[in-house]
A.B. asks: 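Quick one: the structure is below, and I'll ask about it shortly.
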2 protein chains.
Amino acid sequence: MQRVTIAQVAERAGVSTATVSRVLSRRGQVSAAVERKVRRAADDLGYQVNVIARALRNSRTDTVGMVVPSITNPFFTSLVESVEHALGKEGKELFLCDARSDPQIEARRLASLAARNVDGIIVSPSHGVDSRPAVQQTADRLPLVQLDRFVDGTTTDWVGVDDVAAMRQVVDHLHDGGARSAAFIGSLMTHSSTEQRFAGFRRRAEELNIEVKPDQVLLGDYSVEWGEAAVARLIAEGGLPDALVCADDLIALGVTRACRAHGFAVPRQVQVTGYDDIEFSRLTEPALTTVHQPRDRIAAEAVRLLAAAGAKDAERGPHAHISLVPTLVVRDSTRATQAPSDRI
Amino acid sequence: MQRVTIAQVAERAGVSTATVSRVLSRRGQVSAAVERKVRRAADDLGYQVNVIARALRNSRTDTVGMVVPSITNPFFTSLVESVEHALGKEGKELFLCDARSDPQIEARRLASLAARNVDGIIVSPSHGVDSRPAVQQTADRLPLVQLDRFVDGTTTDWVGVDDVAAMRQVVDHLHDGGARSAAFIGSLMTHSSTEQRFAGFRRRAEELNIEVKPDQVLLGDYSVEWGEAAVARLIAEGGLPDALVCADDLIALGVTRACRAHGFAVPRQVQVTGYDDIEFSRLTEPALTTVHQPRDRIAAEAVRLLAAAGAKDAERGPHAHISLVPTLVVRDSTRATQAPSDRI
DNA sequence: TTGAAAGCGCTAACAT
DNA sequence: ATGTTAGCGCTTTCAA
């Protein structure tokens with residue numbers, strides 16, 4: 001149970017602690033013979049570095065913190081997986097925190113990560129406004145990249161997708177399938193993703209003369225339950241439009257299910273689209289047409305930005321906003337494109 | 001960017017670092033006046049403890065490590081959520097690692113957690129045999145609890161559900177619905193969950209005279225894809241039995257989907273059951289009958305065991321195996337019970 | 001009640 | 001090429 005220290009290794013190998021350190025952290029010159037002795041002794045004793053002590057000394061932990069709104073949302077878990085993978089290549093580890101969509105918990109997590117001396121933080125903020133103080137404060141102390149969502153009025157690096165361009169593709173596709181009216185089902189406008197997605201949706205719908213009734217813009221949260229509830233409400237208030245555009249796949253899953261439950265055929269009577277392309281989106285009946293986010297790419301860019309920020313350190317350069325273009329994945333919840341009509 | 005240290009707070013408050021420490025870690029006696037001065041100074045400077053330094057000194061981190069086979073499996077993420085919640089009440093944080101179902105990665109994660117001086121480790125081992133050395137070695141150094149799955153031949157605390165009892169309920173229910181033949185679709189027998197679940201399934205099937213053809217026990221992995229592939233294989237090799245019993249919900253999701261795709265009505269022609277009760281299990285068409293695992297309870301017990309192990313420290317008491325009884329959640333993928341036949 | 005000082009395990013000057 | 005030593009920021013004796 002007693003931890004083996006560098007001093008014990010040094011004693012056993014008959015050298016100084018400095019030499020052991022040099023060997024084990026592969027810095028500085030050591031003769032082959034001594035190196036062998038040291039490694040031998042370390043193995044015999046089952047030595048393991050004390051990362052804590054090393055971190056205190058180096059003020060570097062080779063650890064990156066990540067905070068996501070919900071660890072049970074498959075989009076975020078797959079994003080986490082991508083980030084962990086990208087970090088692995090740099091020899092860094094990930095410290096993952098779940099904010100439970102609560103800016104207060106989020107603030108605590110951020111503070112705690114900072115106190116742990118993580119080398120940088122990747123955060124997908126829970127709230128477009130309320131997350132600001134904590135995110136900004138954290139960004140002032142150490143490298144921070146916002147992922148997917150961002151907080152209003154903060155100046156930090158950001159990586160995500162071009163929601164407006166994505167929604168343009170979605171609306172075009174629905175229009176090709178014959179949709180002339182549509183509803184939007186999203187979360188409250190409490191974070192940038194919904195805002196952007198809605199803006200993109202609305203703009204393109206207008207351009208294509210697709211009718212969007214004001215009371216057919218329904219805002220709740222990113223959950224299956226909300227998707228189900230929204231459809232019930234639409235039906236109660238006068239029926240469904242040609243298409244239901246959802247701000248994420250969880251909502252779309254609930255929407256699809258509710259449509260079928262209420263006897264509406266998807267996509268024959270009503271087309272449905274999601275966003276994110278989580279694994280389960282292909283499993284529902286019918287499989288969901290959705291927007292695929294290039295997670296690996298997003299993760300790679302985030303890690304790169306973090307590394308860059310860590311390097312320059314003192315001088316805070318201008319911040320980067322990297323937005324990648326997502327692709328539309330057409331499955332069975334929308335109507336097959338019949339010879340796309342000419343559009344301007 | 002410069003971190004505020006206890007020394008700066010001490011200077012500003014006009015006291016010694018020892019006093020500051022006493023105030024901030026609320027140990028030892030300090031006069032009210034001095035306490036106020038110190039808190040004031042700390043606030044002014046925006047002081048935050050350096051968890052690293054504290055950990056080095058105390059050799060306690062108030063952090064628990066958790067290693068799961070796959071962070072994209074919703075069962076594990078919801079388990080993680082429960083664990084994090086339970087730990088929060090103890091003022092501890094969670095360091096989460098994904099082993100990607102690979103014992104080698106798992107071993108690295110465990111070593112890295114140990115090196116980080118976590119106070120304890122919760123692990124759901126990736127492999128029933130290959131995970132042994134790393135798990136055992138780690139358990140020798142610090143408090144460790146296995147969750148859900150366990151490694152063959154290790155002696156550590158364990159918390160999970162009674163798979164055999166659960167499968168008994170499943171088989172009884174299917175039998176009530178008229179099933180007289182069944183197939184089992186699981187992962188390779190590389191971890192305890194499948195083993196136990198299969199054992200429970202087989203025993204009860206025998207007792208009830210339900211036919212299980214040897215070539216209708218199909219083993220792959222815990223994934224939707226495998227569920228789909230398994231059904232294709234069954235159909236190719238002579239058709240489906242009355243019931244398809246799956247070792248987890250992901251498999252069952254794939255199985256259900258494949259059945260429908262091949263034109264088999266669920267549950268009219270073939271009944272399907274899952275295991276875990278992940279959120280998505282109620283979303284498929286038809287919603288899945290499955291075994292609900294009491295995650296919060298499992299998490300709470302695990303945290304309790306860890307705390308206990310951390311306390312006694314020196315003397316390693318006997319290890320606890322806590323198995324909770326899960327409940328069957330009947331949905332639409334099995335036939336409604338018509339007046340249960342008398343069983344012995 | 002408060003302060004001085006040692007030391008947790010490690011690394012990096014600096015010295016040899 | 002190797003050793004000596006100071007010190008990262010904190011807590012905790014021990015003295016006063």
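Keep in mind that the numbers below use all heavy atoms, side chains included, and drop hydrogens, waters and symmetry copies. In what follows, every chain begins at residue 1, and chains take the letters A, B, ... in the order their sequences are listed.
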A.B. asks: For a quick check of understanding: with a heavy-atom distance under 4.0 Å over all strands, which category does A:Ser21 fall into, base, sugar-phosphate or nothing?
C.D. replies: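 If one applies the 4.0 Å heavy-atom cut-off, A:Ser21 turns out to touch a base.
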A.B. asks: Rounded to whole angstroms, how far apart are CG on A:Asn50 and P on C:dT11?
C.D. replies: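 So the two atoms are 10 Å apart, to the nearest Å.
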A.B. asks: Under the 3.5 angstrom rule, does the side chain of A:Asp119 hit a backbone N or O of A:Arg60 as a donor-acceptor pair?
C.D. replies: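 No; zero donor-acceptor contacts below 3.5 Å.
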A.B. asks: Rounded to the Å, how far apart are B:Ile6 CD1 and D:dT12 C1'?
C.D. replies: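 Nearest whole value for this atom pair: 12 Å.
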A.B. asks: For the side chain of A:Ala18, starting at C-beta, report the closest nucleotide among C:dA12, D:dC10, C:dT2.
C.D. replies: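 The answer is C:dA12.
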A.B. asks: Would you say a side-chain N or O of A:Arg54 is under 4.0 Å from OP1 or OP2 of C:dG9?
C.D. replies: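 For C:dG9, OP1/OP2 do not have a side-chain N/O of A:Arg54 under 4.0 Å.
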A.B. asks: Do the non-hydrogen side-chain atoms of A:Gln137 and A:Arg141 ever get within less than 4.5 Å of each other?
C.D. replies: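 Contact flag for A:Gln137/A:Arg141 side chains = no.
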A.B. asks: Evaluate B:Arg109 against A:Glu93 for salt bridge (Lys or Arg N to Asp or Glu O under 4.0 Å), listing each step before the verdict.
C.D. replies: CA-CA 9 Å; B:Arg109 298 297 184 228; A:Glu93 296 211 54; 3.6 Å; yes
A.B. asks: Taking the side chain of A:Ala53 as its heavy atoms from C-beta onward, which of D:dT12, C:dA4, C:dC10 lies nearest to it?
C.D. replies: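 For the A:Ala53 side chain, the nearest candidate turns out to be C:dC10.
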A.B. asks: Find the distance A:Arg116:CZ to D:dC8:P and express it as a whole number of Å.
C.D. replies: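 These atoms are roughly 22 Å apart.
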A.B. asks: May I have the distance from B:Asn117 (atom CG) to C:dC8 (atom P), rounded to whole angstrom?
C.D. replies: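 The distance from CG of B:Asn117 to P of C:dC8 comes to 14 Å, rounded to the nearest Å.
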A.B. asks: Tell me the interatomic distance from A:Asp62, atom CG, to C:dT11, atom P, rounded to whole angstroms.
C.D. replies: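 So the CG-P distance, A:Asp62 to C:dT11, works out to 11 Å.
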A.B. asks: Could you give the CG-to-P distance, from A:Leu56 to D:dT11, as a whole number of Å?
C.D. replies: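 Rounded to the whole Å, the gap is 12 Å.
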A.B. asks: Does A:Asp44 come within less than 4.0 Å of A:Arg40, counting only side-chain N to carboxylate O?
C.D. replies: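 Salt bridge flag = yes for A:Arg40 with A:Asp44.
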A.B. asks: How about CD on A:Gln104, more than 12 heavy atoms from neighbouring residues, nucleotides or ligands closer than 6.0 Å, or not?
C.D. replies: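 At most 12 heavy atoms, drawn from other residues, nucleotides or ligands, come within 6.0 Å of this atom.
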A.B. asks: Let's test your reading of the model: under 3.5 Å, does the base of D:dG3 pair with the side chain of A:Arg22 as donor and acceptor?
C.D. replies: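 Indeed there is one.
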A.B. asks: Can you tell me if the side-chain N/O atoms of A:Ser31 get under 4.0 Å from OP1 or OP2 in D:dA1?
C.D. replies: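 Result: no.
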A.B. asks: Within this structure, what is the CG-to-P distance between A:Asn58 and D:dG9, rounded to whole angstrom?
C.D. replies: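 A:Asn58 atom CG is separated from D:dG9 atom P by 12 Å.
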A.B. asks: CZ of B:Arg57 versus P of C:dA5: gap in Å, rounded?
C.D. replies: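 That distance rounds to 16 Å.
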